[in-house]
**Q** 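Dumping the structure here so I can ask a few things about it.
All of these numbers come straight from a predicted model, not from anything done at the bench. Chain A is the first sequence line, chain B the second, and so forth, proteins listed ahead of strands; every chain is numbered from 1.
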2 protein chains.
Amino acid sequence: MLDSSPTAAPEPPSLAERIRHEMAHFTLSEKRAAHVLLSHYPFAGLDTVAEFAARAGISAPSVLRFVTRMGFAGFPDFQKHLREELEAQLLSPLAKSDPIERGSGAPALRSFAEAVIANIQATVENIAPAEFEAVVALLSDLRRPVHFTGGRFTGAVARYAESHFRIVRGGVSLMESQPALWRDRMIEIGRRDVVVAFDIRRYQEDVIALSETAAAQGATVVLLTDPWLSPIARVAKHVLPAHVAAPSNWDSSAGLLLLTEALVAATTKRLWETARPRMEAVERLRDSERN
Amino acid sequence: MLDSSPTAAPEPPSLAERIRHEMAHFTLSEKRAAHVLLSHYPFAGLDTVAEFAARAGISAPSVLRFVTRMGFAGFPDFQKHLREELEAQLLSPLAKSDPIERGSGAPALRSFAEAVIANIQATVENIAPAEFEAVVALLSDLRRPVHFTGGRFTGAVARYAESHFRIVRGGVSLMESQPALWRDRMIEIGRRDVVVAFDIRRYQEDVIALSETAAAQGATVVLLTDPWLSPIARVAKHVLPAHVAAPSNWDSSAGLLLLTEALVAATTKRLWETARPRMEAVERLRDSERN
DNA sequence: CCCGCTTTGAAATTTTTGGTACAGCTTTAT
DNA sequence: ATAAAGCTGTACCAAAAATTTCAAAGCGGG
C-alpha cells in the first residue's frame with residue numbers, strides 16, 4: 001500500500017491537492033471555502049460566486065480573495081481551470097476508480113481507511129445472504145419487541161442501532177450491559193422478544209450473561225460479532241460476523257456499523273408502509289418541539 | 001429525507017440521448033449546436049453562450065433558441081442541468097470501481113457496502129492532512145480537557161469516541177446535547193477546553209447551541225460533519241467533513257466513524273508513552289473487578 | 001486590557017452575460 | 001415568379017455576475 005510507484009505521475013499537482021497542502025495557512029473564511037470546494041470537488045466551484053459563498057457561509061468577496069490567493073486572475077479564470085481539470089480527468093480512465101488517490105489525505109488516515117475498506121469487503125463476502133435476510137425479517141416483525149445491547153465500545157453501535165430502529169418501528173429498547181441495569185427487566189423478556197447483541201474481542205462478561213439469560217428465557221438472540229465469534233454465538237439464532245482488524249491498538253467497528261446501517265435500511269424498506277407515517281409523525285413532533 | 005420511495009429513482013434519459021433522438025427535427029444551426037455539444041459533451045455547454053456559439057459557428061441567439069427548444073428555462077438552467085448530470089455520473093463510478101465480488105452477500109448489503117466504500121474514499125480524499133494532524137495534536141494535549149457531543153444519531157458516535165479516548169487519556173467527558181444537561185456544566189468550559197461536536201444534516205439545534213456557547217466561552221471547537229457543513233462550522237476551529245450518502249432513507253455515519261477511529265489511533269500512537277501505562281492500568285482494574 | 005493589524009462582509013461599481021427585437025435572407029409552395 | 005413562412009444574425013437592452021471600496025469587527029501581541 002505504501003507506494004513508491006514506478007510510474008509516478010508527472011502530472012502537475014491538481015488544484016485540490018494544492019488546496020489541501022496550503023490549508024494550514026488559510027484564514028477562517030478561506031478554510032470554509034476550501035472545505036466546501038473539496039467536499040464537492042469541483043462542482044461547488046462551477047456555480048456562481050454568490051452560490052459558492054452561500055454554500056460556504058461566507059461572503060462573496062471572501063470567495064474572490066480565496067481564488068485570488070490560489071493564483072487565479074479572477075473567478076471566471078478559476079472556473080475555467082476547474083472545467084479543464086474535470087475534462088482531463090474524465091477523459092483519462094486512469095484517474096478515477098482504483099484505491100484512494102495517491103498522496104491524498106493524511107497518511108495515517110489513508111492507511112486506516114484502506115484497512116476499513118478491506119474489512120467491509122471481507123465482511124460482506126462472509127455474510128450469508130439468507131442469514132442477513134432472516135435478521136431483517138425478524139426485525140420487521142412488529143409483534144416482536146427488540147432490545148439492543150453491547151459492550152463498552154460496541155455499546156455505542158447498539159445505541160446507534162436503537163436510535164434508528166426506534167423511529168422505524170415501535171417496541172424498541174436499549175439495554176445497558178451492566179447486570180444491575182438489566183436484571184430486573186429480564187422478567188419481561190420472553191419467547192416473543194428479540195435481543196440484538198454486539199460483542200467483539202475481549203468479549204464482555206456482562207453482555208454474554210445478558211444474552212445467555214435472555215436466551216434461557218426463550219428470547220431470540222441475534223449476534224453481531226467479530227470473525228472469532230463471541231461465546232454468545234452458542235445461544236444465538238443468527239450470527240453476523242464483521243471483520244475488525246485495523247492498523248491501531250484498537251479494533252475498528254466500521255464493519256459492525258455497516259451491518260447495522262444495512263439492517264436499518266433493509267428493514268425500513270420492508271416496513272415502508274408502516275414506517276413512513278411513523279417517521280413523518282416523528283418529524284412533526286420534532287418540528288413542533290422546536291418552537 | 002423522507003422520500004416517497006425507499007429505493008432510488010430510475011434514471012431519466014440523459015440530455016445527450018434526448019438530443020440524439022431529436023436531432024432529425026433540428027434546424028441547421030440547432031444541429032450545429034447539438035453536434036458541438038455532443039462531441040465535447042458536456043463541457044462545450046459549460047462555457048458562456050458566446051463561447052459555445054463561436055465553437056459551433058453560429059450566433060448566440062441560435063444557441064439560446066437551441067436550449068429553449070430542449071425545454072430549459074434559459075442558458076443558466078441548461079448549464080445547471082449539465083453540471084448535475086456530470087456530478088451524478090462522476091460519483092457513481094466510484095462505487096463500481098472495486099466492486100465487491102459478484103454474487104456475494106445479500107444484494108441490499110452489497111450495494112450498501114459499495115456506497116459506504118465510496119463515502120470513505122471521498123471522505124479521505126477531502127480531508128486536509130494538516131487539518132487532521134492539527135486535530136490529533138489538539139486531542140493529544142493532556143492539559144486540555146476534551147468534551148464530546150452529538151445529535152440524536154451522531155450522539156452514538158460521540159459516545160464511541162468518548163469510550164476510547166477515556167482510556168487513552170484523562171480529562172475526557174461526554175456531553176448530552178439536551179441543554180438541560182449541559183447548561184450548568186458550561187460554567188466550567190473555558191479557553192483550555194476542547195469540544196468535539198458531531199453534527200450532520202438536519203443539524204440539531206441543541207448541538208449547535210452547545211457548540212456556540214462553548215465557543216463563546218473561548219473553547220476550541222472541532223466539528224465532524226457532512227459535506228454541507230453544519231452551522232457549527234462558523235465557530236469551529238477545525239472541520240472534518242465526511243460523506244454520508246447511502247442507498248437508504250438514512251444517512252451513513254461510516255465516514256464519521258472512520259474519522260473517529262483514525263483520530264483515536266493517531267492520538268494513541270502519539271501519546272503512547274503515557275497512554276500505554278494508562279491502558280494497562282485500566283485492564284488491571286477490569287480484571288480485578290471480574291472476580 | 002488596550003492598540004494595531006488582519007480579516008471580513010455590506011454596499012456600490014463595473015463588467016460581463018444572457019436575453020430580445022427586428023430586419024434580412026433563404027426556402028418553399030403555389 | 002412571387003408571396004408567405006421560417007431561420008438566422010446584428011444590434012441593442014436588461015439582468016446578473018464579478019469585482020472593488022471601505023468601514024466595522026475580530027484577533028494577537030505588547
Side-chain angles (χ1 to χ4, degrees), chain A residues 22-37 43-83, chain B residues 22-37 42-83 134 190-192 211-221 229 231-239:
Chain A
E22 293 192 37
M23 180 75 81
H25 317 304
F26 286 165
T27 72
L28 241 74
S29 323
E30 285 169 344
K31 273 190 198 169
R32 265 179 218 135
H35 272 126
V36 168
L37 178 59
F43 300 96
L46 293 179
D47 264 306
T48 66
V49 171
E51 182 76 18
F52 189 176
R55 278 220 242 181
I58 60 181
S59 70
S62 293
V63 172
L64 271 297
R65 281 188 282 261
F66 170 68
V67 302
T68 306
R69 200 176 201 290
M70 293 310 297
F72 297 99
F75 199 75
D77 185 36
F78 163 73
Q79 289 190 317
K80 190 176 165 213
H81 177 91
L82 289 182
R83 283 198 304 264
Chain B
E22 293 191 38
M23 183 73 86
H25 318 123
F26 286 162
T27 73
L28 198 63
S29 12
E30 283 170 345
K31 273 186 195 167
R32 281 193 203 161
H35 196 257
V36 167
L37 179 58
F43 300 98
L46 293 179
D47 265 308
T48 65
V49 172
E51 182 76 18
F52 190 179
R55 278 217 241 181
I58 60 179
S59 71
S62 294
V63 172
L64 271 297
R65 283 187 279 261
F66 169 67
V67 302
T68 307
R69 197 175 202 287
M70 293 311 297
F72 297 99
F75 199 73
D77 185 36
F78 164 72
Q79 289 191 317
K80 189 174 166 221
H81 177 91
L82 288 181
R83 284 198 304 265
R191 311 195 89 83
R192 307 172 64 85
S211 303
E212 287 176 344
T213 307
Q217 306 256 30
T220 301
V221 175
L229 302 192
I232 296 173
R234 179 169 300 283
V235 299
K237 182 85 175 290
H238 302 290
V239 179

**Q** Would you mind reading off the distance between Asp77(A) atom CG and dA17(D) atom C1', rounded to a whole angstrom?
**A**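 In whole Å, dA17(D) C1' and Asp77(A) CG are 16 Å from each other.
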**Q** Would you indicate which nucleotide in dG9(C), dG18(C), dA17(D) comes nearest to any side-chain atom of Leu64(B)?
**A**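 Of dG9(C), dG18(C), dA17(D), dG18(C) is nearest to the side chain of Leu64(B).
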**Q** Would you mind telling me which residue lines up with the more 5' stretch of DNA chain C, Arg69(A) or Pro61(A), judged by nearest nucleotide?
**A** Arg69(A)
**Q** Compare the minimum distances between each of dT10(D), dG19(C), dT17(C) and the side chain of Thr48(B), then state the nucleotide with the smallest one.
**A** dT17(C)
**Q** Has the side chain of Glu212(B) got a donor or acceptor atom that lies under 3.5 Å from a matching backbone atom of Ile232(B)?
**A** no
**Q** Within the side chain of Arg234(B), is there an N or O that forms a donor-acceptor pair under 3.5 Å with the backbone of Gly57(A)?
**A** yes
**Q** Return the set of residues passing ring pair (Phe, Tyr, Trp, His ring centres under 6.0 Å) with Phe78(B) (not counting sequence neighbours), or none when no residue passes.
**A** Phe72(B), Phe75(B)
**Q** If only side-chain N and O atoms of Ser29(A) are considered, is one of them under 4.0 Å from the OP1 or OP2 phosphate oxygen of dT8(C)?
**A**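 Affirmative; the distance criterion is met.
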**Q** Find the distance Phe78(B):CZ to dG19(C):P and express it as a whole number of Å.
**A** 11 Å
**Q** Which whole-number value in Å describes the distance from Ile58(B) CD1 to dG18(C) P?
**A** 13 Å
**Q** For the side chain of Arg55(B) and the backbone of Val36(B), is there at least one donor-acceptor N/O pair under 3.5 Å apart?
**A** no
**Q** Show me the protein contacts with nucleotides 22-30 of chain D, counting only N or O atoms at under 3.5 Å.
**A**
none

**Q** Please check: side-chain N/O of Arg32(A) versus main-chain N/O of Ala233(B), any donor-acceptor pairing under 3.5 Å?
**A** yes
**Q** Could you state the CG-C1' distance from Asp47(A) to dA17(D), rounded to the nearest angstrom?
**A** 12 Å
**Q** Nearest-Å distance, NE2 (His25(A)) to P (dT7(C))?
**A**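 Rounded to the whole Å, the gap is 13 Å.
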**Q** Please state how far atom CZ in Phe26(A) lies from atom P in dT8(C), giving the value in whole angstrom units.
**A** 12 Å
**Q** Taking Asp47(B)'s backbone N and O only, do any of them form a donor-acceptor pair with Gln79(B)'s side chain (distance below 3.5 Å, no angle check)?
**A**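 Looks like yes, one N/O pair under 3.5 Å.
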**Q** Tell me whether the OP1 or OP2 atom of dT8(D) has a side-chain N or O from Thr27(B) closer than 4.0 Å.
**A**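 Answer is yes, contact under 4.0 Å.
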**Q** Calculate the interatomic distance between Glu30(A) atom CD and dT6(C) atom C1'; express it in whole Å.
**A**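 Computing the Glu30(A):CD to dT6(C):C1' distance gives 11 Å.
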**Q** How long is the line joining NZ of Lys80(B) and P of dG18(C), in whole Å?
**A** 16 Å
**Q** Please determine whether a side-chain nitrogen or oxygen atom of Ser62(A) lies at a distance below 4.0 Å from atom OP1 or OP2 of dT7(C).
**A** no
**Q** Are the side chain of His238(B) and the backbone N or O of Ala134(B) linked by a donor-acceptor pair below 3.5 Å?
**A**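 A pair under 3.5 Å: no.
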